[in-house]
Amino acid sequence: MRSWSAPEVPSLPVTAPPVSLHDTASGERITPTPADGAPARLYVCGITPYDATHLGHAATYVGFDLLHRAWRNAGHDVHFVQNVTDVDDPLLERATKVKVDWVELAERETELFRQDMQALRVLPPQHYVGAVESIPLAVELIEVLDKAGAIYRVETDLYFSVSADPAFGDESGYDRDTMLRFFGERGGDPDREGKRDPLDCVVWRGEREGEPSWPSPFGPGRPGWHIECAAIARHHLGGAFEVQGGGSDLVFPHHEMCAGHAQVAEPGTPFAQVYSHAGMVGYDGEKMSKSRGNLVFVSALRNSDIDPMAIRLALLRHHFRADWEWTDAELFDAVDDLARWRKAVALGAGAEAAPVVTEVLAALADDLDAPRAVAAVDAWVGATLGTEGLADTTDADAAAAVLAVLDAALGLTL
Ligand code: 5CA
Ligand code: ZN
């Protein structure tokens with residue numbers, strides 16, 4: 001499916017340091033390093049296209065955009081893939097509820113998402129892939145898993161045996177009770193009769209009346225959620241790609257099941273080298289989520305003339321792995337901050353730029369520490385504007401250097 005347009009990104013005169021990330025699976029810092037000359041490979045789970053794009057989505061995608069940019073600034077080509085879950089239970093349920101054709105709903109919301117990402121200057125994936133168009137890939141992967149003895153049938157549905165992956169559980173590190181709880185809360189069916197293990201997940205859902213279905217060697221139906229991302233990521237990126245990303249609500253079951261599918265298909269090769277998870281953005285005391293309906297939409301803010309760069313700056317003031325609450329006050333602070341920043345760069349000359357460039361790049365290479373990078377820019381702006389009569393303008397070309405790093409590393413244009 002069509003991606004969105006790439007913004008122009010300046011290249012920097014200095015090379016950024018290698019990027020280290022907190023890995024959910026090991027709990028450690030890892031610096032995923034692409035093979036010589038090979039691109040750094042990134043898969044970020046995309047939206048299920050309804051109620052998009054809320055600020056929780058935006059925070060997650062801006063977070064991984066920092067990784068995309070940090071890798072580019074460190075001299076890597078980046079191969080970035082993202083899916084759109086354009087057929088799945090929650091999308092179909094919403095379409096039925098609001099009496100809209102599910103295809104129309106998915107297309108409309110995906111288009112809105114593209115526009116929001118473009119406005120926020122998120123670099124597009126090279127492959128932006130729908131679940132529907134990837135059904136042949138899912139079918140192919142299910143056949144491989146079946147040959148490995150990891151698939152069984154319950155009525156017209158096919159299930160994946162989690163016991164087939166000796167490394168099952170390593171991605172999340174959760175104990176069985178926690179897995180069972182999250183599985184039930186996040187789209188799983190632990191109580192379905194006929195399953196060998198309550199944690200086994202559906203990979204092919206046999207046709208149901210009133211639901212879309214596609215032909216397959218296993219009978220008509222549609223793919224399960226996890227097989228979709230496993231198949232797309234493996235096809236476009238291969239095994240042991242550098243980083244699997246998404247929000248922390250995907251740690252289990254989604255990323256664990258994806259890893260399980262991939263690791264049974266290719267024993268001994270991990271799905272990804274690093275599993276990186278963004279924190280959850282809340283609003284009114286709870287996680288911002290479609291099911292709770294406590295959503296603030298990027299498009300609504302844009303329609304009320306909020307500068308998308310102020311939205312981006314408000315997001316960047318929080319570490320991408322932190323859980324935090326969205327407030328309007330912080331958005332309006334970001335609007336004021338941008339005005340000050342613009343005043344500082346309009347001077348042309350300013351406080352010395354080289355240290356702030358170094359600090360911004362170092363902060364982002366350090367597990368994408370955007371708040372630290374933004375603080376360095378704040379300090380430079382403070383020194384450049386100074387208090388009356390004390391402005392520091394010792395560097396004649398400071399503004400150009402600061403503008404370049406703001407754009408290349410943080411995705412902010414002033
Ligand atoms: N289509 C699947 C992934 S394959 C999905 O989870 N879609 S989603 O629309 O529900 O979420 C899209 C992305 O936004 C996921 O990475 C999810 O983890 C993230 N996300 C959802 N809600 C929040 C939130 N409140 N804060 C931060 N990230 C969120
Ligand atoms: Zn996914």
Side-chain angles (χ1 to χ4, degrees), residues 1 24 42-65 67 81-94 105-106 109-110 112-113 116-117 120 122 125 128-132 134 137-138 171 182 185-188 201 223-237 241 243-262 271-272 275-298 314-315 318-326:
M1 96 171 16
T24 301
L42 171 65
Y43 186 91
V44 179
C45 281
I47 53 161
T48 303
Y50 68 99
D51 281 349
T53 310
H54 63 62
L55 286 160
H57 298 143
T60 288
Y61 297 116
V62 165
F64 288 102
D65 187 53
L67 174 59
V81 178
Q82 184 167 131
N83 69 305
V84 186
T85 309
D86 58 0
V87 63
D88 198 14
D89 301 346
L91 172 72
L92 298 174
E93 281 161 21
R94 169 58 68 87
L105 175 63
E109 292 284 310
T110 304
L112 188 56
F113 176 74
D116 290 333
M117 290 298 103
L120 292 172
V122 172
Y128 190 45
V129 196
V132 171
S134 307
L137 296 178
E171 181 268 339
F182 282 140
E185 287 172 10
R186 298 173 178 168
C201 68
W225 173 28
H226 316 303
I227 200 82
E228 165 200 343
C229 282
I232 295 171
R234 272 171 51 77
H235 177 77
H236 288 286
L237 297 175
F241 59 88
V243 174
Q244 160 72 315
S248 60
D249 56 345
L250 300 186
V251 171
F252 194 91
H254 187 50
H255 288 172
E256 190 80 66
M257 297 297 179
C258 291
H261 296 339
F271 181 50
Y275 299 90
S276 176
H277 291 102
M280 288 293 114
V281 178
Y283 190 58
D284 277 349
E286 286 198 87
K287 172 192 161 189
M288 198 178 281
S289 74
K290 296 160 173 177
S291 48
R292 292 184 182 91
N294 56 339
L295 306 175
V296 181
F297 292 105
V298 172
L315 299 175
H318 297 270
H319 193 281
F320 89 106
R321 287 200 299 113
D323 295 331
W324 57 281
E325 281 257 324
W326 175 264

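Here, residue 1 is the first one in the sequence, and each next residue gets the next number. Indexing begins at 1, ligand by ligand and atom by atom, following the structure's order.
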>> If the threshold is 4.0 Å, N to carboxylate O, is there a salt bridge linking Arg292 and Asp284?
In response: no
>> Just to check, does His254 reach to within less than 4.0 Å of ligand 1 when the distance is taken from its heavy atoms?
In response: yes
> Does any N/O atom on Met280 come nearer than 3.5 Å to any N/O atom on ligand 1?
Replying inline: no
>> Quick check: do Tyr128 and Thr110 have side-chain heavy atoms less than 4.5 Å from each other?
In response: yes
> Hey, what's the ring geometry for Trp326 with Trp324, parallel, tilted or perpendicular (30° and 60° as the breaks)?
Replying inline: tilted
> Applying a strict 4.0 Å limit to heavy atoms, is Cys229 in contact with ligand 1?
Replying inline: yes
> What orientation do His254 and His226 show, parallel under 30°, tilted 30 to 60°, or perpendicular over 60°?
Replying inline: tilted
> So, Asn294 side chain and Glu286 main chain: donor-acceptor pair closer than 3.5 Å or not?
Replying inline: yes
> Just heavy atoms, cut-off under 4.0 Å: does Asn83 contact ligand 1 by side chain, backbone, both, or neither?
Replying inline: side chain
> Where does Val281 meet ligand 1, judged by heavy-atom distances below 4.0 Å: at the side chain, the backbone, both, or neither?
Replying inline: both
>> Please report the interatomic distance CD(Glu325) to CE(Met288), rounded to the nearest 0.5 Å.
In response: 8.5 Å
>> Within the structure provided, determine whether Asn83 and Tyr43 are in side-chain contact (heavy-atom separation under 4.5 Å).
In response: yes
>> Please check whether Gly246 reaches ligand 1 - meaning an N/O of the residue sits under 3.5 Å from an N/O of the ligand, judged on distance alone.
In response: no
> Backbone, side chain, both or neither: what part of Asp249 comes under 4.0 angstrom of ligand 1, heavy atoms only?
Replying inline: side chain
> Do Thr85 and ligand 1 have an N or O pair less than 3.5 Å apart?
Replying inline: yes
>> If I apply the N/O under 3.5 Å rule, does Lys287 come out as touching ligand 1?
In response: no
>> Please check this pair: side chain of Thr24 against backbone of Tyr275, looking for a donor-acceptor N/O pair closer than 3.5 Å.
In response: yes
> Are any of the N or O atoms of Thr48 closer than 3.5 Å to those of ligand 1?
Replying inline: yes
> Are any of the N or O atoms of Gly56 closer than 3.5 Å to those of ligand 1?
Replying inline: yes
>> Listing by chain and number, which protein N, O or S atoms are under 2.8 Å from the Zn ion (ligand 2)?
In response: Cys45 SG, Cys229 SG, His254 NE2
> Going by distance only, is there an N or O of Thr60 that falls short of 3.5 Å from an N or O of ligand 1?
Replying inline: yes
>> Is Lys290 close enough to touch ligand 1? Criterion: a residue heavy atom under 4.0 Å from a ligand atom.
In response: yes
> Can you tell me if Gly46 has a non-hydrogen atom under 4.0 Å from ligand 1?
Replying inline: yes
> Hey, does Arg94 have a side-chain heavy atom less than 4.5 Å from the side chain of Asp51?
Replying inline: yes
>> Within the structure, is a non-hydrogen atom of Gly279 found at a distance of less than 4.0 Å from ligand 1?
In response: yes
